[in-house]
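Side-chain atoms are counted along with the backbone in the values below, which use heavy atoms only and exclude waters and symmetry mates. Lettering of chains follows the sequences in order, A, B, ..., and the numbering in each one begins at 1.
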There are 2 protein chains.
Amino acid sequence: MRSYGQYCALAKALDVIGDRWTMLIVRELLIRGSCRYTDLRDGLPGIATNLLADRLRELEQAGIVRREAAPPPIATTLFRLTVRGEELEPVLQELGHWGAPLLAEPAAEDVFRSRWLTLPLEHHLRDRTPDLPPVTLEVRTGDEPMLIETAGGRVRTRPGSVPNPDAVLTGPPHLVIATLTGKLDLTDDRAAGLQYLGDPETLRRVQPMSPAPAEQSSASRATDEEGTS
Amino acid sequence: MRSYGQYCALAKALDVIGDRWTMLIVRELLIRGSCRYTDLRDGLPGIATNLLADRLRELEQAGIVRREAAPPPIATTLFRLTVRGEELEPVLQELGHWGAPLLAEPAAEDVFRSRWLTLPLEHHLRDRTPDLPPVTLEVRTGDEPMLIETAGGRVRTRPGSVPNPDAVLTGPPHLVIATLTGKLDLTDDRAAGLQYLGDPETLRRVQPMSPAPAEQSSASRATDEEGTS
DNA sequence: CGGCATCCTCTTTGATACTG
DNA sequence: CAGTATCAAAGAGGATGCCG
């Protein structure tokens, strides 16, 4: 990327990670920890392979990504974030938080990977009753199942499946998100296509406090803009 | 900008504000509140005028910027952020925080506007003794003087100058920053070109707690990268 | 002046094909 | 698997022109 040439922390940050695709590559590495070129490509549908190669080289040079040889059994290159790279997590969290309302309308043409939910969900969900025995909620949406588990007072998410979860939530991404964040109630009319099996308490346990009042789905755009100083 | 086409909050955010120059335009509007096209252009050295016009239109469409006619005396257009636009402040703060280490080395070729310091400084500085009478520190670096004032327990910054500040700090940007953030001591050898006049207590009062140990200026890049999981 | 629109060149991207 | 090579299309940068 061409530098902005400005002595400003924001501009300098953007000089390094402001390029197209760069932050999404960091997202994948944050989600997956350490992974192969092909894993990255799979998590970044739409990226051109030469761009991915270019960006990885730039990120390596910038000290954000490290390339390492995989342990003996397998022979492949692995990519992972450096400490400096991991420090980008709060940035991505804030950006994701700001962008969350844009997910209000269903996916439409968009591709979706259930892994993309793990980071924001860990950030938003809380264990309301950490003293009770841990629970596991399986979420089935998108390409692969996902687990939401309470552990040590925190809520952890990871791709995967278990034999006997306390509950299973199944449905299209936008309804699953609305449900997990408390914007949509299980008894809600709009929940067509959503299925919840198991103890209702499991869901309530991890939902954030003060569930936001149900949003009007997606009407009126230009009219509800309002500015203040 | 071409959409990433991913149903992911981060990708959606970047669809809207990921374009080149866009975040810097938001920075200017956050700093200046409400301003004219030419003010923006001045705060964004290097931008092509057609790009600024394009981006402003896109931001308006996205509900981030509002265009308003200036009050009768003057006849000009004013641009300002909507509420949705102001909600980007935490994002810019995090990005700036991450990028701050990149300012360690002096400006070199970079252009600089002292206004660019106001946002991050307000975020980092603290009033250590809010019960004492308020103080004013004038900073002279870059294109225009700047004031750092304690008020109501907070530290406020703004471009400007006053007749009798409690202290005046003058010098090149990187030394001024190092001083204000406590990385550089007033008695430090490296402070060549830095001048401080007035009560030393004024500076100490607004500096953040636990001043970071003086950084080795800018040696060794490739060697000090280290990864953890 | 303030607020753009046009024109032109150069760089970056996106899509696809190919290789050690 | 982990890229490089190629090429057309889109976008950025820079200069200048226009209009109230």
Side-chain angles (χ1 to χ4, degrees), chain A residues 1-6 11 14-25 28-29 32 34-62 65-80 109-111, chain B residues 1-6 11 14-25 28-29 32 34-62 65-80 109-111:
Chain A
M1 160 173 277
R2 191 191 163 118
S3 168
Y4 287 108
Q6 299 185 359
L14 292 174
D15 279 350
V16 177
I17 52 155
D19 255 333
R20 190 159 165 78
W21 290 105
T22 303
M23 294 222 210
L24 295 186
I25 293 173
E28 284 305 305
L29 289 166
R32 312 180 83 121
S34 153
C35 61
R36 295 169 302 171
Y37 190 86
T38 15
D39 298 330
L40 287 173
R41 222 175 30 186
D42 174 67
L44 296 162
I47 199 174
T49 173
N50 56 350
L51 257 195
L52 178 54
D54 282 0
R55 293 290 182 267
L56 284 171
R57 222 168 320 163
E58 292 165 13
L59 285 170
E60 207 182 343
Q61 273 212 292
V65 161
R66 213 159 28 110
R67 191 182 299 248
E68 49 192 30
I74 19 168
T76 185
T77 321
L78 290 181
F79 298 88
R80 77 158 55 224
E109 317 277 86
D110 295 345
V111 292
Chain B
M1 159 174 275
R2 191 193 163 119
S3 168
Y4 287 109
Q6 299 185 357
L14 292 173
D15 280 350
V16 177
I17 52 155
D19 254 332
R20 190 159 164 77
W21 289 108
T22 303
M23 295 222 209
L24 295 185
I25 293 173
E28 284 306 304
L29 289 166
R32 311 180 84 120
S34 154
C35 61
R36 295 170 303 172
Y37 190 87
T38 16
D39 298 330
L40 288 173
R41 222 177 28 188
D42 175 67
L44 296 162
I47 199 174
T49 173
N50 55 352
L51 258 195
L52 179 54
D54 282 0
R55 294 290 182 266
L56 284 171
R57 223 169 310 139
E58 291 164 11
L59 285 170
E60 206 182 344
Q61 273 212 292
V65 162
R66 212 158 28 109
R67 190 182 300 249
E68 49 192 30
I74 19 168
T76 183
T77 322
L78 290 181
F79 298 88
R80 77 158 55 225
E109 319 276 84
D110 295 345
V111 292

Rounded distance in Å - [atom1] ([X]) to [atom2] ([N]):
X	N	atom1	atom2	result
Trp21(A)	dG14(C)	CH2	C1'	10 Å
Tyr37(B)	dC19(D)	OH	C1'	15 Å
Asp19(B)	dG11(D)	CG	C1'	9 Å
Glu68(B)	dG2(C)	CD	P	18 Å
Arg41(B)	dG3(C)	CZ	P	9 Å
Asp42(A)	dG3(D)	CG	C1'	17 Å
Leu44(A)	dT13(C)	CG	C1'	15 Å
Arg36(B)	dG3(C)	CZ	C1'	11 Å

Check every atom of dG3(D), dG14(C), dC4(C) against the side chain of Arg67(B) and return the nucleotide holding the closest atom.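 The listed nucleotide nearest to Arg67(B)'s side chain is dC4(C).
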
Given dA15(C), dC1(D), dA12(D), the nucleotide with the shortest approach to the side chain of Arg2(B): dA15(C)

Atom CG of Leu14(B) and atom CE of Met1(B): how far apart are they, to the nearest 0.5 Å? 7.0 Å

Can you tell me how far the CG atom of Leu24(A) sits from the CG atom of Asp19(A), to the nearest 0.5 Å?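 It is 12.0 Å, given to the nearest 0.5 Å.
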
Arg36(B) versus Leu78(B): any side-chain heavy-atom pair under 4.5 Å?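 The answer is yes; the side chains approach within 4.5 Å.
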
In chain order, what residues pass the side-chain hydrogen bond (donor to acceptor under 3.5 Å, both in side chains) check against Ser34(B), with sequence neighbours excluded? none

N or O in side chain of Arg20(B) less than 4.0 angstrom from dG13(D) OP1/OP2: yes

What heavy-atom pair brings Val16(B) and Ala62(B) nearest, and what distance separates the two atoms? CG1-CB, 3.8 Å

Restricting to non-hydrogen atoms, name the atom on Trp21(A) and the atom on Tyr4(B) that form the minimum distance, rounded to 0.1 Å. N-OH, 3.0 Å

Members of residues 46-56 of chain A that approach DNA chain C, where some heavy atom sits under 4.0 Å away: Gly46(A), Ala48(A), Thr49(A), Asn50(A), Leu51(A), Arg55(A)

Under 3.5 Å donor-acceptor pairs involving side-chain atoms of residues 40-56 of chain B, not counting sequence neighbours:
residue, atom, partner, partner atom, Å
Thr49(B), OG1, Tyr37(B), OH, 2.9
Arg55(B), NE, Arg20(B), O, 2.9
Arg55(B), NH2, Arg20(B), O, 3.4

